[in-house]
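Worksheet: one structure, shown below.
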Amino acid sequence: MSLRAPKGTDDILPPHSRVWRRLLSTWESMAEAYGYDLIMVPFFESTEVFNRGVGESTEVVQKQMYTFEDKKGRSLTLRPEGTAGVVRAFIQAGAQGVMKVAYSGAMFRYEQPQAGRRRQFYQVGLEYLGTDAADADAEVIELGYRYLTATGVPDVTVQLNSLGDDECRPTYIEALRAWLEERRGLLCQDSLRTLEMNPMRVLDCKVCAGVVADAPSPIDYLCEACQTHLSEVRSRLDSAGVPYRLAPRLVRGLDYYTRTAFEYVGSALDAAQTAVGGGGRYDGLAELLGGPPVPGVGLALGVDRIALSVPDAVDPALDVFVVNTDRYRAEARALLSTLRATGIRSDGLPDQRSLKAQFKAADRRGAVAVIVVGDEWESGQVVAKRLDDGSQVVIGSEEIVTWLKSL
RNA sequence: GUGGCCGUAGCUCAGUUCGGUAGAGCACCGGGUUGUGAUCCCGGCUGUCGCGGGUUCAAAUCCCGUCGGUCACCCCA
């Protein structure tokens with residue numbers, strides 16, 4: 001047996017990779033349109049970044065991290081999510097003013113793989129740092145929603161909740177803890193454990209969903225500032241035309257969230273995983289990482305799951321395929337260079353094959369048209385053929401670009 | 001971490017019940033048409049039957065072990 005990609009990792013090959021290319025380029029242009037600059041941060045960080053940032057009580061930190069020591073004995077971890085590293089970078093750079101940044105790339109979590117859940121998976125994400133204004137929350141939620149809609153994810157719904165802040169959350173946590181303590185006997189083993197560390201995450205347990213259905217929601221305990229914040233986020237979403245549903249039980253799996261928490265749910269066809277993305281506000285995160293107080297809000301979307309939910313690309317991959325008869329090899333190569341220099345997506349075969357083989361290759365590659373360089377070249381002409389309806393014309397070689405653009 | 005299903009050609013799989021020459025479709029290559037794809041016809045290539053051991057005259061098939069894949073639970077993207 002030859003070597004295989006490690007468990008839970010995927011090769012993303014053509015033609016399927018064309019979907020990925022579209023998802024990533026759409027992300028870049030949309031993030032840019034909303035004013036987000038590119039940020040690149042390391043794929044691995046000091047383990048502390050995630051222990052402190054993501055939270056010791058989380059599933060991610062307890063069971064799912066790829067942690068290793070480098071040759072000097074430093075504990076490093078492949079990033080299981082993007083936010084902690086970006087906030088670390090902002091602090092390290094001085095934490096001045098406001099920063100709006102977008103990124104994309106691989107994340108790593110040690111889990112049993114299944115459809116839509118891989119050990120190396122890909123997220124696109126963004127962070128809006130340095131403001132606690134509700135406009136920022138709404139903007140982030142809106143961008144994610146528009147992106148998912150634009151890329152063709154069916155039936156996207158936004159679930160929204162507020163988890164409160166330092167002011168009101170302690171009161172809520174105590175109320176929740178007391179409520180859960182009274183029902184200890186009804187909770188599963190896992191929940192009994194998380195009850196000690198982080199009672200709010202018991203709401204996330206599917207096994208106990210029936211028990212906690214009537215549990216107090218953070219939304220009922222919000223202080224006035226948090227109430228105002230939530231209602232501002234909601235009214236911004238309303239005026240932006242972003243549909244959402246309040247989800248009082250939504251708490252998410254990472255400890256750093258304050259106030260706004262949200263999730264995008266889609267109807268992924270073959271996968272049990274319906275969450276295609278999520279995010280929230282994390283006003284306390286920078287301080288957890290040892291920095292000054294820096295408010296922020298962000299989101300992450302799972303590219304693997306989006307790719308599972310959208311139809312495969314059917315657009316042609318090439319504008320033109322250049323073929324030639326035996327004597328005109330050099331001329332065909334020169335023509336190819338010229339076409340490529342003008343930005344036309346063009347290709348040809350790397351070796352001289354029969355015309356039949358060349359046409360077959362053109363068809364397989366998804367070309368819109370074929371240009372034949374043959375005897376007509378002597379009078380400055382080529383044969384130009386459309387592959388969709390089979391029609392062809394003889395045109396002057398200088399008219400090729402015009403002809404292609406008319407298709 | 002736990003459970004179900006599955007490992008045979010590049011891909012999807014049949015063949016395993018009841019041991020007896022390793023198969024089909026698709027894909028790929030060539031030809032029909034030495035200047036035309038997608039359709040049609042003809043031909044060709046492709047295998048450590050996941051791996052190791054056992055039983056047997058004989059194992060893809062039966063037995064034991066092992067590795068891998070996949071789906072699902074938990075949780076998340």
Side-chain angles (χ1 to χ4, degrees), chain A residues 1-10 13 54 57-64 79-83 104-125 144 148 153 188-191 193-194 201-202 204-209 250-254 263-266 268 270-279 299-309 321 323-328 352-377 382-392 394:
Chain A
M1 186 54 101
S2 54
L3 294 172
R4 298 184 53 92
K7 188 182 183 78
T9 67
D10 288 316
L13 302 168
V54 176
S57 74
T58 61
E59 202 69 20
V60 169
V61 168
Q62 282 183 6
K63 306 199 306 205
Q64 301 176 346
R79 62 181 188 188
E81 59 97 49
T83 302
S104 62
M107 306 294 164
F108 307 86
R109 292 184 197 173
Y110 191 91
E111 297 191 90
Q112 288 304 318
Q114 68 187 74
R117 200 181 67 189
R118 320 299 301 164
R119 289 184 172 178
Q120 173 171 322
F121 61 104
Y122 297 85
Q123 291 187 337
V124 295
L148 293 170
V153 178
C188 73
Q189 289 300 315
D190 287 340
S191 287
R193 230 184 353 265
T194 52
R201 293 201 50 249
V202 176
D204 225 10
C205 178
K206 283 178 190 163
V207 177
C208 303
L250 175 71
V251 299
R252 308 203 28 89
L254 312 178
E263 204 160 278
Y264 302 98
V265 178
D270 319 343
Q273 327 297 340
T274 54
V276 293
L299 68 74
L301 306 170
V303 184
D304 308 70
R305 290 185 184 176
I306 295 170
L308 283 175
S309 326
F321 205 85
V323 313
N324 66 279
T325 58
D326 289 350
R327 292 173 49 203
Y328 296 92
Q352 185 59 40
R353 302 264 302 277
S354 69
L355 265 196
K356 179 187 179 118
Q358 295 182 72
F359 266 88
K360 207 170 174 179
D363 187 59
R364 265 204 317 275
R365 290 284 303 279
V368 175
V370 166
I371 297 293
V372 185
V373 181
D375 292 333
E376 305 82 356
W377 189 262
V382 296
V383 173
K385 177 171 182 171
R386 318 172 43 133
L387 288 187
D388 55 355
D389 62 8
S391 64
Q392 65 180 48
V394 178

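Residue numbering restarts at 1 for every chain, and letters A, B, ... go by the order of the sequence lines. It should be emphasised that the depicted structure is a prediction, and the values quoted were computed from it without experimental measurement.
For G65(B), the paired nucleotide is C51(B), the pair qualifying as Watson-Crick or G-U wobble because both relevant distances are below 3.5 Å. A 3.5 Å limit on both hydrogen-bonding distances identifies G32(B) as the Watson-Crick or G-U partner of C40(B).
Not counting sequence neighbours, Asp363(A) has no partner by the side chain to side chain contact (heavy atoms under 4.5 Å, CB included) test. With sequence neighbours excluded, the residues satisfying salt bridge (charged side-chain N to carboxylate O under 4.0 Å, His left out) with Asp389(A) are Arg386(A). Residues satisfying the side chain to side chain contact (heavy atoms under 4.5 Å, CB included) criterion with Gln392(A), sequence neighbours excluded, are Val383(A), Lys385(A). Applying the side chain to side chain contact (heavy atoms under 4.5 Å, CB included) test to Lys7(A) and every residue at least two apart in sequence or in another chain returns Gln112(A), Pro113(A), Arg119(A). Qualifying side chain to side chain contact (heavy atoms under 4.5 Å, CB included) partners for Gln64(A), counting only residues two or more places apart in sequence or in other chains: Glu59(A), Val60(A), Arg109(A), Glu111(A).
Among the heavy atoms of the strands lying under 4.0 Å from Val383(A) is at least one base atom, whether or not backbone atoms are also near.
Side-chain proximity of Arg109(A) to the nucleotides C28(B), C71(B), A77(B) is greatest for A77(B).
Distance Asp326(A) CG to U36(B) P: 12 Å, rounded to the nearest Å. Distance, Gln114(A) CD to U2(B) P: 16 Å, rounded to whole Å.
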Heteroatom pairs (N/O) under 3.5 angstrom, protein to nucleotides 38-46 of chain B:
from	atom 1	to	atom 2	distance (Å)
A38(B)	O4'	Asp363(A)	OD2	3.0

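Considering only heavy atoms from C-beta on, Asp375(A) comes within 4.5 Å of Arg327(A) through its side chain.
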